[in-house]
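Please read the structure below before turning to the comments.
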Amino acid sequence: QVQLVESGGGLVQPGGSLRLSCAASGSIFSINVMAWYRQAPGKQREFVARIHTRGPIVYADTVKGRFTISRDNAKNTVYLDMISLKPEDTAVYYCNAYLRRNAYTPVSDYWGQGTQVTVSS
C-alpha cells in the first residue's frame, strides 16, 4: 500500500503565507514526480506545480513567483511554500505522485486526500 498524506492547510488572511507538506509512505521503490493540484468549489481540479527527481520544476502561471515547490527525497516528502496568498487561492490542495512500488511494476499515479486552504479576511 502507498499513502500520500498532506498537512499544513488552514485559514490565512490575504497576503499571508502557508506551507503545505505531503509525505509518501508504504511500499515505494522510487518516485519520479511529485506535484500539487488544487480544486476550488464548483471548479475542476487544476495543476499548481510539479517537481521531477532529476529535471525541471514547473508552475502554473497563476502561482508563478508566489509558490515554491521543493522536495526531500530522503523523506519522500514534497512541500509547497505559498506567499502573497489571494482569496482566489482558496481550494482543497491535493498531493500527487508518480512512483514505482518495486523494480518490476510500472509507474503509477497516487493521490492524497487533500488539505483545505482558505484565504479570507
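Note that the structure is a prediction, hence the values are computed from the model and not measured.
In this structure, Val12 is not a member of the same hydrophobic cluster as Ile83, with clusters built from ILVMFWY side-chain heavy atoms closer than 4.5 Å. Ile57 and Val63 fall within a single hydrophobic cluster, where Ile, Leu, Val, Met, Phe, Trp and Tyr are joined by side-chain heavy atoms under 4.5 Å apart, directly or via other members. The hydrophobic clustering, which links ILVMFWY residues whose side-chain heavy atoms are closer than 4.5 Å, places Phe47 and Val92 together. Under the 4.5 Å side-chain heavy-atom criterion for Ile, Leu, Val, Met, Phe, Trp and Tyr, Leu85 and Leu80 are members of the same hydrophobic cluster.
With rounding to the nearest 0.5 angstrom, the CG atom of Asp109 is 4.5 Å from the CG atom of Asn96. Atom-to-atom distance recorded for Ile51:CD1 and Ile31:CD1 is 11.5 Å, nearest 0.5 angstrom. Separating the CZ atom in Arg50 from the CE atom in Met34 is a distance of 14.5 Å, to the nearest 0.5 Å. Here the CG atom belonging to Asn76 is positioned 7.5 Å from the CZ atom belonging to Arg71, to the nearest 0.5 angstrom.
Annotation: Gln3, atom CD; neighbour count of heavy atoms from other residues, nucleotides and ligands within 6.0 Å does not exceed 12. Counting non-hydrogen atoms of other residues, nucleotides and ligands closer than 6.0 Å to CD of Glu88 gives a total above 12.
Evaluation of the salt bridge (charged side-chain N to carboxylate O under 4.0 Å, His left out) rule for Asp81 yields Arg19 as partners, not counting sequence neighbours. Legend: residues meeting ring-ring contact (aromatic ring centres under 6.0 Å, His included) with Phe29, ordered by chain and number and at least two apart, are absent. Applying the side-chain contact (heavy atoms from CB on, under 4.5 Å) criterion to Val2, with sequence neighbours excluded, gives Ile28, Leu99, Arg101, Tyr110. Residues passing the salt bridge (charged side-chain N to carboxylate O under 4.0 Å, His left out) test with Lys43, sequence neighbours excluded: none.
Checking side-chain atoms of Thr90 against main-chain N and O of Val119 turns up a donor-acceptor pair under 3.5 Å. With hydrogens and angles ignored, the 3.5 Å screen pairs no side-chain donor or acceptor of Ser121 with any backbone N or O of Pro14. Side-chain atoms of Glu6 come within 3.5 Å of backbone N or O of Gly114 as a donor-acceptor pair. Using a distance-only test at 3.5 Å, with no hydrogens or angles considered, a donor-acceptor pair links the side chain of Thr53 to the main chain of Asn32. Side-chain atoms of Ser84 do not come within 3.5 Å of backbone N or O of Arg66 as any donor-acceptor pair.
Screening residues 81-121 for disulfide bond (SG atoms under 2.5 Å apart), with sequence neighbours left out, gives Cys22-Cys95. For residues 79-102, there are no ring-ring contact (aromatic ring centres under 6.0 Å, His included) pairs, not counting sequence neighbours.
Looking at every heavy atom in both residues, Arg38 comes nearest to Thr62 through NH2-OG1, 3.6 Å. When every heavy atom of Leu4 is checked against every heavy atom of Ala24, the shortest pair comes out as CD2-CB, 3.2 Å. Annotation for Tyr59 and Thr68: closest pair OH-CA, 3.3 Å, computed over non-hydrogen atoms. Considering all non-hydrogen atoms of both residues, Arg100 and Thr105 come closest at NH1-O, 2.7 Å. Nearest heavy-atom pair across Val48 and Phe67 is CG1-CD2, 3.8 Å.
Comment: Asp61 engages Lys64 in a salt bridge, judged by a side-chain N to carboxylate O separation of less than 4.0 angstrom.
Here the side chains of Met82 and Trp36 are not in contact, with every heavy-atom distance at 4.5 Å or above.
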